[in-house]
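One structure is given below, encoded as structure tokens.
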Number of protein chains: 2
Amino acid sequence: MSDDQSAKRPVPTMRDIAAAADVSQSTVSRVLSGVPTAVPIAPETRQRVLRTARELGYRPNPLARGLRGASTNLIGAVVRDFSDPFYAGAIEALVVESMAHGYNVVLGHAPGRSGEVASSLTTVLETRHTDAVVLLGDMQEHPQLLADLRDSIVPVVALWPGTSPREFPSVDADDRAGIRAGLEHLVSLGHTRIAFVNAELPNEYRAREDAYLEFMRERFGAVPPGYAERSPSALAGGDAALRRLMDRADPPTAVAASTDVVAVGVLHAAYSLGVRVPDRLSVVGFDDILIAAHTVPALTTVRMPISEIVGYAVTQAVRLAREPAGGERPPDLEIFAPDLIVRDSTAPPAQE
Amino acid sequence: MSDDQSAKRPVPTMRDIAAAADVSQSTVSRVLSGVPTAVPIAPETRQRVLRTARELGYRPNPLARGLRGASTNLIGAVVRDFSDPFYAGAIEALVVESMAHGYNVVLGHAPGRSGEVASSLTTVLETRHTDAVVLLGDMQEHPQLLADLRDSIVPVVALWPGTSPREFPSVDADDRAGIRAGLEHLVSLGHTRIAFVNAELPNEYRAREDAYLEFMRERFGAVPPGYAERSPSALAGGDAALRRLMDRADPPTAVAASTDVVAVGVLHAAYSLGVRVPDRLSVVGFDDILIAAHTVPALTTVRMPISEIVGYAVTQAVRLAREPAGGERPPDLEIFAPDLIVRDSTAPPAQE
DNA sequence: ACGATGCAGGCATACGATTTCGCCCACGTG
DNA sequence: CACGTGGGCGAAATCGTATGCCTGCATCGT
């Protein structure tokens with residue numbers, strides 16, 4: 001062998017394999033791509049090429065491959081907030097699910113409100129660079145991104161689209177049913193003074209808040225004024241919101257949070273206010289994030305079927321990516337049902 | 001305008017722009033790439049090209065760009081466990097930091113122990129597809145991946161390498177100093193019976209456990225037998241480990257956890273065992289994850305300087321990516337110092 | 001007046017893999 | 001022996017962008 005400096009060889013190309021195996025580069029391509037070709041290859045030649053490729057440590061260049069119109073096997077993911085444990089779990093599911101389909105995931109970040117960043121993002125994500133794009137969370141704040149995606153040819157699947165205009169095939173959970181299940185549970189325990197704490201950007205969990213308002217009106221005729229709290233940030237916000245609620249003349253006996261993260265903030269606030277959970281205050285979360293079973297006390301919450309949702313979304317995305325952009329079915333919406341998980345943060349209200 | 005079917009136009013190329021603006025494709029490239037070129041372009045021509053590109057909705061094809069040996073502006077990230085809130089935060093920092101440098105992030109997952117998946121991963125990640133690779137966490141379980149990366153030409157930066165062989169430039173926190181700060185804090189409060197709960201895969205947080213063992217031997221002559229607990233999973237494991245510890249004849253008065261997530265499990269276990277924190281048990285975490293300030297009670301922990309670490313790593317990765325692989329400095333190791341953050345989960349031990 | 005210089009831009013090629021067309025040879029057949 | 005046939009493979013175009021090199025023209029210097 002003449003590999004005097006094996007460390008420096010900067011990745012062999014098909015041409016190198018061809019030269020070493022003494023065939024043409026076309027033949028190398030045919031052998032290595034593996035697909036049944038119209039051109040027959042002699043078994044002996046095939047073996048020689050494969051062996052040479054292995055010896056030289058050949059790796060295909062996905063760029064060159066993609067250039068010819070083939071797929072890059074990349075799925076772009078645009079996420080609102082990484083540090084949110086809920087999305088963290090969703091991303092994990094997305095990556096696992098994508099890899100099961102033979103795809104990798106490119107992450108884009110769409111933070112706060114910044115058209116600039118988000119639009120420069122699409123420049124990288126789309127244009128055949130990714131075979132499909134998956135949107136995680138409400139993208140209403142990023143009209144530029146949505147517009148770019150709409151114009152582009154890459155298929156898009158939206159997860160938990162919230163209030164985003166429904167212009168792509170979407171997958172969502174039935175937030176309304178989830179909230180109602182949680183509230184029903186509280187009511188069945190005897191609660192009537194039930195508050196709601198929402199967090200995150202405006203509109204983010206609007207459907208959950210609306211479901212709360214609807215339920216309360218339905219069941220009690222009206223929403224106690226001031227019982228629907230909103231705060232900008234999840235953790236500190238949940239904290240501050242609970243303090244406001246408990247300062248009232250008629251403090252709630254139960255709180256439904258728009259999110260488990262908010263619920264964690266609420267639990268913490270209750271603790272530091274000396275309000276025992278669930279004795280004096282019941283708390284219901286939403287999402288069933290990983291630590292929900294290990295909060296103090298363990299959180300009663302509504303389980304979001306993340307893996308089902310993500311699995312469905314990836315399957316859709318892959319299917320759309322494979323089709324030559326022919327389908328063009330009208331954007332559909334798939335809804336998954338959440339389940340109530342009763343743990344230790346809910347109990348009948350204290351006797352007065 | 002003659003755009004009769006604007007929806008179907010499958011992304012214009014430079015050639016299209018060139019034809020429409022009546023210049024050559026080279027000129028379009030020179031104008032749009034923006035870089036100072038040896039070839040001068042008349043302002044009028046430049047404007048015409050720019051206008052045409054805008055009208056046609058031109059987007060560069062990063063594949064073709066990368067094919068020419070240019071960079072893809074992609075950083076590959078390989079992560080051990082997404083759902084771990086700590087890594088979730090790290091990934092967010094990584095994405096933000098990368099985008100600040102003009103890079104996007106491709107995610108790879110390196111779950112449990114599975115050479116297959118991890119190696120198929122590199123096929124996509126390396127080979128000039130990504131300009132650099134960032135490893136998050138201990139990759140000891142993935143020798144195949146490490147070998148592939150070693151052979152390839154992409155620069156690699158390892159974050160929190162743990163016990164991985166130090167073959168790439170690495171960035172880490174001073175786990176030993178962090179653990180010692182936490183233990184020192186406990187000792188200064190009067191604790192002597194201090195246990196340690198480790199979690200995750202074997203070796204994952206070995207340095208932290210070793211620091212604990214060292215400190216205990218140094219300070220008290222020996223580690224109380226059975227005080228160094230280990231469990232396979234972070235949350236449920238922390239829970240089970242604490243139960244074992246509190247069942248002993250000489251239960252500890254304080255617990256240091258290898259991780260905030262473990263500490264959350266410990267807090268939960270203490271709660272369900274009726275052990276008040278911090279009255280009867282002090283708990284110290286490590287990492288300062290987002291919810292650490294909002295556990296019940298708020299967790300005393302050691303802050304991991306994630307953004308500093310990730311920022312440094314990305315800067316290194318970008319620098320290495322820009323260099324034509326010339327540098328080849330010996331793998332260095334950069335260490336960041338963690339700080340103790342005292343909250344409400346620690347107090348002097350109960351009087352006996 | 002004539003070559004030198006500078007400006008503006010086109011031509012051609014390279015990047016690495018896929019794919020379409022053919023070429024050549026061996027073999028079989030009439 | 002001429003001719004078809006099909007197996008086995010190579011040559012070359014192609015994808016979209018970047019760049020080195022060249023050319024045409026006008027101006028400038030002497």
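A, B, ... follow the sequence lines: proteins, then strands. Residue 1 opens every chain.
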Does a side-chain heavy-atom distance below 4.5 Å link [X] with [Y]?
X	Y	answer
A:Thr315	A:His101	yes
B:Val78	B:Leu107	no
B:Asp172	B:Pro161	yes
B:Val134	B:Val314	no
A:Pro60	A:Leu32	no

Distance in Å, [X] [atom1] paired with [Y] [atom2], rounded so as to fall on 0.5 Å steps:
X	Y	atom1	atom2	answer
B:Asp332	B:Gln316	CG	CD	6.5 Å
B:Asp138	B:Leu159	CG	CG	12.5 Å
B:Arg166	B:Leu333	CZ	CG	5.0 Å
A:Thr163	A:Gln140	OG1	CD	3.5 Å
B:Glu97	B:Ile309	CD	CD1	12.5 Å
A:Leu94	A:Ile306	CG	CD1	11.0 Å

### Task
Look at the side chain of A:Ser29 and decide which nucleotide, out of D:dT17, D:dA11, C:dT18, has an atom nearest to it.
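Nearest nucleotide to the side chain: C:dT18.
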
### Query
If you check the B:Ser24 side chain, which of C:dG10, D:dG10, D:dA18 turns out closest?
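So the side chain of B:Ser24 is nearest to C:dG10.
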
### Query
Which residues, if any, of residues 37-46 of chain A bring a heavy atom under 4.0 Å of DNA chain D?
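Per residue number, the list reads A:Val39, A:Pro40, A:Ile41, A:Ala42, A:Thr45.
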
Answer yes or no: side-chain N or O of [X] and base N or O of [N] forming a donor-acceptor pair under 3.5 Å.
X	N	result
A:Arg30	D:dG8	no
B:Ser26	D:dA18	no
B:Gln25	D:dA18	yes

### Query
Does B:Thr27 place a side-chain N or O at less than 4.0 Å from the phosphate oxygens OP1/OP2 of C:dG10?
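Yes, because at least one side-chain N or O of B:Thr27 sits under 4.0 Å from OP1 or OP2 of C:dG10.
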
### Query
Considering only heavy atoms, which members of residues 13-20 of chain B lie under 4.0 Å from some atom of DNA chain C?
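Under 4.0 Å from DNA chain C: no residue of residues 13-20 of chain B.
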
### Message
Tell me which pairs pass side chain to side chain donor-acceptor pair (under 3.5 Å) where either residue lies in residues 41-54 of chain A, with sequence neighbours left out.
### Response
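Counting only pairs at least two positions apart or across chains, no side chain to side chain donor-acceptor pair (under 3.5 Å) contact touches residues 41-54 of chain A.
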
### Pair listing, side chain to side chain donor-acceptor pair (under 3.5 Å) test, anchored in residues 27-41 of chain A, at least two apart
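Every side chain to side chain donor-acceptor pair (under 3.5 Å) pair that includes a residue of residues 27-41 of chain A, provided the two are not neighbours, is A:Ser24-A:Thr27.
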
### Message
Need one value for B:Val28: base, sugar-phosphate or nothing, where a base atom within 4.0 Å counts as base even if backbone is also close, heavy atoms only.
### Response
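Answer is nothing: B:Val28 stays at 4.0 Å or more from every strand.
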
### Query
For the side chain of A:Ser170 and the backbone of A:Phe168, is there at least one donor-acceptor N/O pair under 3.5 Å apart?
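Present.
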
### Message
Can you measure A:Leu32 atom CG to C:dT19 atom P for me and round it to whole angstrom units?
### Response
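It works out to 14 Å between those atoms.
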
### Euclidean distance, atom OH of residue B:Tyr58 to atom P of D:dG16 [Å, nearest integer]
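B:Tyr58 atom OH is separated from D:dG16 atom P by 10 Å.
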
## Note on the structure
Pairs under 3.5 Å (Watson-Crick or G-U), crossing ones as [ ], inter-strand ones as |: DNA chain D comes out as ||||||||||||||||||||||||||||||

### Task
Could you encode protein contacts along nucleotides 23-28 of chain D as a string, one character per nucleotide from 5' to 3', using B for base contact, S for sugar-phosphate-only contact and - for no contact, with a heavy-atom cut-off of under 4.0 Å?
------

